[in-house]
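Accompanying notes for the structure given below.
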Amino acid sequence: MNTCGCEPWEGEKILLRLQRYLFPNTQKSFAMKHCLPILLTFLCTTALFSQNNAPRILCGNEVFSSMVQQKYPALQAAFDQTFETAKHQ
């Protein structure tokens, strides 16, 4: 019997069985005060982590240019010279 004193309908019986199966340790007197610390912790950590900046997205040309500058400075000088001669022609 449910709170109104009548027999529960079939869907309600299934939901109650599912609730007992999925949450066997919950009691009927489960209140919001039990969830409040978990909810506050989740909200605080979400707020703190949302303040982080998104990582910078690099394009292939930037990655290639930085690799050439760091590992092959002579090749970078040749590239620069080629572009400078092409610019003045």
Side-chain angles (χ1 to χ4, degrees):
M1 294 240 198
N2 53 14
T3 56
C4 69
C6 55
E7 282 294 316
W9 52 282
E10 190 62 34
E12 190 177 4
K13 289 179 185 177
I14 292 171
L15 288 176
L16 288 173
R17 275 190 242 132
L18 183 64
Q19 182 181 8
R20 278 189 230 119
Y21 176 76
L22 292 176
F23 309 107
N25 297 326
T26 57
Q27 302 170 353
K28 289 188 177 187
S29 64
F30 188 76
M32 187 62 184
K33 67 181 178 182
H34 297 111
C35 290
L36 196 58
I38 296 170
L39 180 64
L40 288 176
T41 304
F42 174 74
L43 290 176
C44 290
T45 55
T46 303
L48 289 175
F49 285 115
S50 67
Q51 301 298 321
N52 293 341
N53 293 335
R56 186 170 166 233
I57 298 173
L58 298 173
C59 71
N61 192 26
E62 291 174 348
V63 174
F64 177 72
S65 296
S66 66
M67 284 175 44
V68 168
Q69 288 174 356
Q70 291 174 0
K71 295 185 179 185
Y72 307 105
L75 182 60
Q76 182 64 40
F79 283 159
D80 293 340
Q81 183 182 10
T82 302
F83 286 121
E84 285 297 321
T85 55
K87 185 165 62 171
H88 293 298
Q89 287 183 354

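What you are looking at is a predicted structure, and each value in this text was computed from that prediction instead of being measured.
- Listed by first and then second residue, the salt bridge (Lys or Arg N to Asp or Glu O under 4.0 Å) pairs involving residues 36-52 amount to none (not counting sequence neighbours).
- Residue pairs meeting the side-chain hydrogen bond (donor to acceptor under 3.5 Å, both in side chains) criterion with at least one partner in residues 67-81, sequence neighbours excluded, are Q76-D80.
- The salt bridge (Lys or Arg N to Asp or Glu O under 4.0 Å) pairs that include a residue from residues 38-55 number zero, where partners must be two or more places apart or lie in different chains.
- Listed by first then second residue, pairs satisfying salt bridge (Lys or Arg N to Asp or Glu O under 4.0 Å) with a partner in residues 36-47 number zero, not counting sequence neighbours.
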Could you give the side-chain donor-acceptor pairs of residues 39-47 under 3.5 Å, partners two or more places apart or in another chain?
residue: T41; atom: OG1; partner: P37; partner atom: O; Å: 2.7
residue: T45; atom: OG1; partner: T41; partner atom: O; Å: 3.0
residue: T45; atom: OG1; partner: F42; partner atom: O; Å: 3.0
residue: T46; atom: OG1; partner: F42; partner atom: O; Å: 2.7

